Engineer: 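The structure that follows is given in the form of structure tokens.
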Amino acid sequence: MLHKMKINDNAFDRMKKGSKKREYRVNDEKRQFIRCGDLIEFAKISNPEETIVMDVKNIENYITLEEAVSSHFDEDFSDRHNDIKSTVASFYEKGYYTEEEVQKDGIVVFELKNIE
């Protein structure tokens, strides 16, 4: 099954280069339908015509954003953030999610592989 999501430019570019291998999202109703083996088409926010299709290799569910970030901090965030606390704060400051959304739905982490 093919799912569609928008993604910020920086994350899109890192995904295209192969350095971004996981996507962190609130585990809302839309995300709960995604399964291993499904495809996600990510559209670049600044240019929605530019897309990349990724294969979902693994799915991990977390109750808190702190748990999700700490499970893959070294690999996914240490090149841009000093610690887990500042990483979590950046998710909220940039408006990706609200604390209420995370408390309600938790976080899902999709491990991805570029199929293009």
Side-chain angles (χ1 to χ4, degrees):
M1 176 171 247
L2 179 68
H3 307 271
K4 296 185 178 198
M5 296 183 198
K6 296 176 185 170
I7 193 165
N8 74 56
D9 291 9
N10 179 287
F12 182 92
D13 294 340
R14 289 185 298 111
M15 197 175 276
K16 197 162 189 170
K17 286 191 297 190
S19 61
K20 179 173 175 54
K21 297 179 182 352
R22 289 182 194 86
E23 179 62 11
Y24 295 69
R25 297 282 174 134
V26 168
N27 196 19
D28 58 14
E29 189 175 322
K30 178 180 175 181
R31 307 315 179 243
Q32 292 173 16
F33 287 104
I34 300 173
R35 302 284 180 255
C36 288
D38 285 357
L39 302 175
I40 302 174
E41 179 183 80
F42 290 96
K44 194 173 192 177
I45 287 178
S46 69
N47 179 12
E49 300 297 315
E50 191 173 354
T51 62
I52 186 170
V53 178
M54 304 291 280
D55 180 20
V56 178
K57 302 306 289 177
N58 190 38
I59 299 171
E60 299 171 348
N61 292 291
Y62 297 91
I63 294 171
T64 68
L65 185 53
E66 291 83 355
E67 290 173 331
V69 168
S70 64
S71 68
H72 301 289
F73 177 79
D74 290 338
E75 196 174 331
D76 293 349
F77 302 104
S78 64
D79 61 330
R80 297 178 319 283
H81 297 278
N82 294 327
D83 55 35
I84 293 165
K85 185 177 179 179
S86 67
T87 306
V88 170
S90 76
F91 273 83
Y92 295 131
E93 289 165 4
K94 293 177 181 175
Y96 297 141
Y97 321 115
T98 66
E99 291 183 51
E100 292 77 21
E101 289 172 316
V102 174
Q103 287 174 353
K104 179 180 176 271
D105 296 319
I107 293 290
V108 62
V109 178
F110 299 108
E111 184 179 339
L112 304 167
K113 181 179 179 187
N114 188 340
I115 65 164
E116 298 177 350

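These figures come from a predicted structure and were not determined experimentally.
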Engineer: Within the distance-only criterion (no hydrogens, no angle test), does the side chain of D38 pair as donor or acceptor with the backbone N or O of D55 below 3.5 angstrom?
Structural biologist: no
Engineer: Would you please name every residue forming a side-chain contact (heavy atoms from CB on, under 4.5 Å) with D105, sequence neighbours left out?
Structural biologist: V26, D28
Engineer: When clusters are formed by joining ILVMFWY residues with side-chain heavy atoms under 4.5 Å apart, either directly or through shared neighbours, do F91 and F73 land in the same one?
Structural biologist: yes
Engineer: Please tell me if the side chains of L2 and E41 come closer than 4.5 Å, counting only heavy atoms from C-beta onward.
Structural biologist: yes
Engineer: Could you go through I59 and V108, starting from their C-alpha distance and side-chain angles, then the distance that decides it, and tell me whether this counts as side chain to side chain contact (heavy atoms under 4.5 Å, CB included)?
Structural biologist: CA-CA 7 Å; I59 299 171; V108 62; 3.4 Å; yes
Engineer: Under 3.5 Å, is there a donor-acceptor pair between the side chain of E75 and the main chain of H72?
Structural biologist: no
Engineer: Once ring pair (Phe, Tyr, Trp, His ring centres under 6.0 Å) is applied, do any residues pair with F12, and if so which ones, sequence neighbours excluded?
Structural biologist: none
Engineer: Distance-only, no hydrogens or angles: does the K20 side chain make a donor-acceptor pair with backbone N or O of R22 under 3.5 Å?
Structural biologist: yes
Engineer: Is a salt bridge present between E111 and K57, judged by a nitrogen-to-oxygen distance below 4.0 Å?
Structural biologist: no
Engineer: Say you draw a straight line from CG of D76 to CD of E23; how long is it, rounded to the nearest 0.5 Å?
Structural biologist: 10.0 Å
Engineer: In terms of side-chain heavy atoms, does T98 have a donor or acceptor partner in Y92 at a distance below 3.5 Å?
Structural biologist: no
Engineer: Within the supplied structure, the quantity of interest is the number of heavy atoms (other residues, nucleotides, ligands) at a distance under 6.0 Å from I45 CD1; does it exceed 12?
Structural biologist: yes
Engineer: Can you see whether Y96 engages N8 through a side-chain donor-acceptor pair at a distance of less than 3.5 angstrom?
Structural biologist: yes
Engineer: Could you tell me whether K30 atom NZ has more than 12 heavy atoms of other residues or ligands within 6.0 Å of it?
Structural biologist: yes
Engineer: Counting N and O atoms only, with roles assigned by atom type, does the side chain of S19 sit under 3.5 Å from a partner on the main chain of R14, one being a donor and the other an acceptor?
Structural biologist: yes
Engineer: Should I107 and V102 count as side-chain neighbours, where that means a heavy-atom distance under 4.5 Å?
Structural biologist: yes
